[in-house]
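Below: one structure, written as structure tokens.
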Amino acid sequence: MKALRLVAIGWLFQMKMLSRSSFDGLLGILWPLFFATTAFFMFRTSHDSRALLYAALGSSVMGIWSSTSVAASSALQRERWYGTLEAIVGTPAHFSLVLIPITLAMSTVGIYSMAATLLWGRFLFGIGVHIVHPLLFVIAVPTTVLAIGLLGFLLSVTVVRYRTAWALGNALEYPVWLVCGFLVPLSLFPDWVRPISWALAPTWGVRAIRQAALGGAPLWPVAACIGLAALYGIAGTLLVDTVLRSARRTATLSLT
Amino acid sequence: MTAVRLPMSGARVFFVGGVMSYRALFSWQSPTFYIPTMLAHPAFQILFFAYLGRFSHVRNDAFYVVGNAVQVSAMAGVFGVAMTIGGERWTQTLAPLLATPANRMALFLGRALPQIANGFVVSAFGFLVGRLLLNFDPPLSSLPRLALIVLVSTAACTGFGLVVGAFGLRLRDVFIFSNPAYFLMLLFCGVNVPLSALPHWMQIVGSGMPLTHGIAAAREVAAGASLSSVSTLVWKEALIGACYFLAAYLLLRLFEAEGRRRASLELV
């Protein structure tokens with residue numbers, strides 16, 4: 001219960017901080033709309049209504065990854081700059097319980113991107129998304145947010161020794177959009193890309209959301225998403241201990 | 001003597017000041033920054049839109065490679081320039097810099113010059129990615145013409161970047177402007193969507209932005225056209241770039257004066 005409370009309070013505080021950043025706020029509003037508009041214009045030119053629907057759902061999920069990738073990869077660096085990293089590492093709570101709410105809040109912000117993109121598509125481009133399985137859609141969205149948040153957690157821990165981690169997170173934005181099939185079906189890529197896609201929860205998340213909205217069997221992708229999210233959480237938690245031990249030994253925790 | 005010294009001093013501020021500013025403030029020159037930001041990000045942008053183009057059947061790979069390879073020069077032209085001017089505020093050197101009697105034209109244009117070279121390198125890398133990984137195979141004879149167009153486009157884009165960077169004298173965080181500016185170019189300049197497919201008002205905005213005419217010229221040259229057949233487009237691009245440089249100079253002077261009046265040059 002204590003752990004859940006810590007995650008919930010940490011998530012709430014992080015949401016409040018994110019909502020007060022003019023940089024994050026403005027970009028959070030504009031970023032997904034830029035890409036959605038480009039995608040809508042491209043697909044509208046092809047006069048393929050099914051592709052347009054495919055693009056609307058895919059580009060709506062793109063924002064969840066965008067709001068997570070750069071921010072999560074630089075999450076620990078940002079705490080360093082604030083001068084709070086040593087303090088939060090020194091708390092008795094396990095560090096993963098402090099870090100997970102931070103990355104979960106980042107992916108939660110992506111829900112706005114998702115809603116904004118769908119509304120943008122509906123009102124400016126006339127793309128009406130009729131949801132075939134509303135209940136499963138309501139399950140698929142938070143599952144995807146959770147899985148992307150935990151992928152962000154794993155990413156933030158993995159790149160902690162990399163001082164320019166945000167640049168790495170920035171460079172990862174397009175590849176994940178690409179190999180997870182957000183806008184382009186995986187069948188268009190070489191075969192070697194598929195195992196990479198399968199290991200990434202956003203692949204299953206976007207598949208679950210699409211199948212819930214357009215019809216299909218979204219439960220399997222939802223289950224895959226949950227399974228991968230759990231794996232990311234466990235791997236990240238194990239890695240946190242190793243990273244913190246190493247940082248304490250080499251006294252590099254507060255180095256900017 | 002004074003008449004001789006002034007232009008020499010201006011040239012020194014332009015070249016030496018520009019290079020020093022690039023080395024001191026452009027922190028992305030470190031490989032750990034440069035590779036993911038200036039090489040990997042543009043490369044994946046090109047791949048992303050080329051594959052999106054394949055799926056949407058709008059145009060062939062060459063359309064997306066040329067459009068995006070020219071547009072990624074804005075990574076240096078917009079972000080780089082914004083960083084070198086906005087960076088002065090972060091490093092608390094803005095006020096001392098503007099206290100100097102240095103020629104302002106040389107001071108700020110000098111900061112743009114290394115970014116033009118940088119943008120050209122980023123753009124060339126984008127073309128290389130297209131050549132190696134996608135179906136983009138321009139005639140070898142077109143490469144010098146393509147290089148010239150990319151250079152003009154990158155310079156024009158850097159003028160636009162200076163306009164964005166000028167807001168670094170007015171705002172605390174210049175990236176609030178530079179990020180939307182970069183993506184505006186992606187949308188309005190015919191990078192991924194043919195201009196003719198955009199609404200009329202977007203075509204008008206796009207025709208006044210840098211890169212639009214350069215990208216159109218580069219596409220024709222990559223398809224084998226001669227330089228003379230696209231000279232109007234290239235001249236338009238150069239003229240638009242010159243207008244942005246002029247606008248940037250005026251904005252920089254305006255914001256400098258306002259910064260002094262409001263005592264806001266040291267705010268971070």
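Reminder, nothing fancy here: chain letters follow the sequence lines and each chain counts from 1.
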Check your understanding: Side-chain contact, heavy-atom cut-off 4.5 Å: Leu186(B) with Phe35(A)?
Key -> yes
Review point. Chain A heavy atoms under 4.5 Å from Leu184(B): which part of the residue, side chain, backbone, both or neither?
Key: both
Study note, to complete from the structure: What one should report as the nearest heavy-atom pair of Ala167(A) and Thr37(B) is CB-OG1, 3.4 Å
Exercise for review: Could you check Tyr51(B) against Leu183(A) for side chain to side chain contact (heavy atoms under 4.5 Å, CB included), going step by step and ending with a plain yes or no?
Suggested key: CA-CA 9 Å; Tyr51(B) 272 96; Leu183(A) 286 182; over 6 Å; no
Check your understanding: Is there a side-chain contact between Met42(A) and Leu52(B) (heavy atoms, below 4.5 Å)?
Key -> yes
Practice item. Specify which of Ile176(B), Asn192(B), Val191(B) makes the most heavy-atom pairs with chain A at under 4.5 Å. Key: Ile176(B)
**Study point:** Option in Pro36(B), Gly53(B), Pro42(B) with maximal non-hydrogen atom pairs under 4.5 Å from chain A
**Key:** Pro36(B)
Exercise for review: Write down the atom of Asn170(A), the atom of His41(B), and the distance for their closest heavy-atom approach.
Suggested key: O-CD2, 3.3 Å
Check your understanding: Do Thr38(A) and Phe183(B) have side-chain heavy atoms sitting under 4.5 Å apart?
Key -> no
Review point. Side chain, backbone, both or neither: which part of Ile35(B) has an atom under 4.5 Å from a heavy atom of chain A?
Key: neither
Point to revise | Student check: side-chain heavy atoms of Phe41(A) and Ser56(B) closer than 4.5 Å | key: no
Revision key, fill the gap. Exactly one of Phe189(A), Phe182(A), Tyr54(A) clears ring-ring contact (aromatic ring centres under 6.0 Å, His included) with Phe55(B), and that residue is Tyr54(A)
Check your understanding: With side chains defined as the heavy atoms from C-beta onward, is the minimum distance between Leu47(B) and Tyr174(A) less than 4.5 Å?
Key -> no
**Study point:** Test of ring centre spacing under 6.0 Å for Trp166(A) and Phe33(B)
**Key:** yes
Check your understanding: About how many Å separate CD of Glu173(A) and CZ of Phe44(B), when rounded to the nearest 0.5 Å?
Key -> 12.0 Å
Review point. Side chain, backbone, both or neither: which part of Tyr182(B) has an atom under 4.5 Å from a heavy atom of chain A?
Key: neither
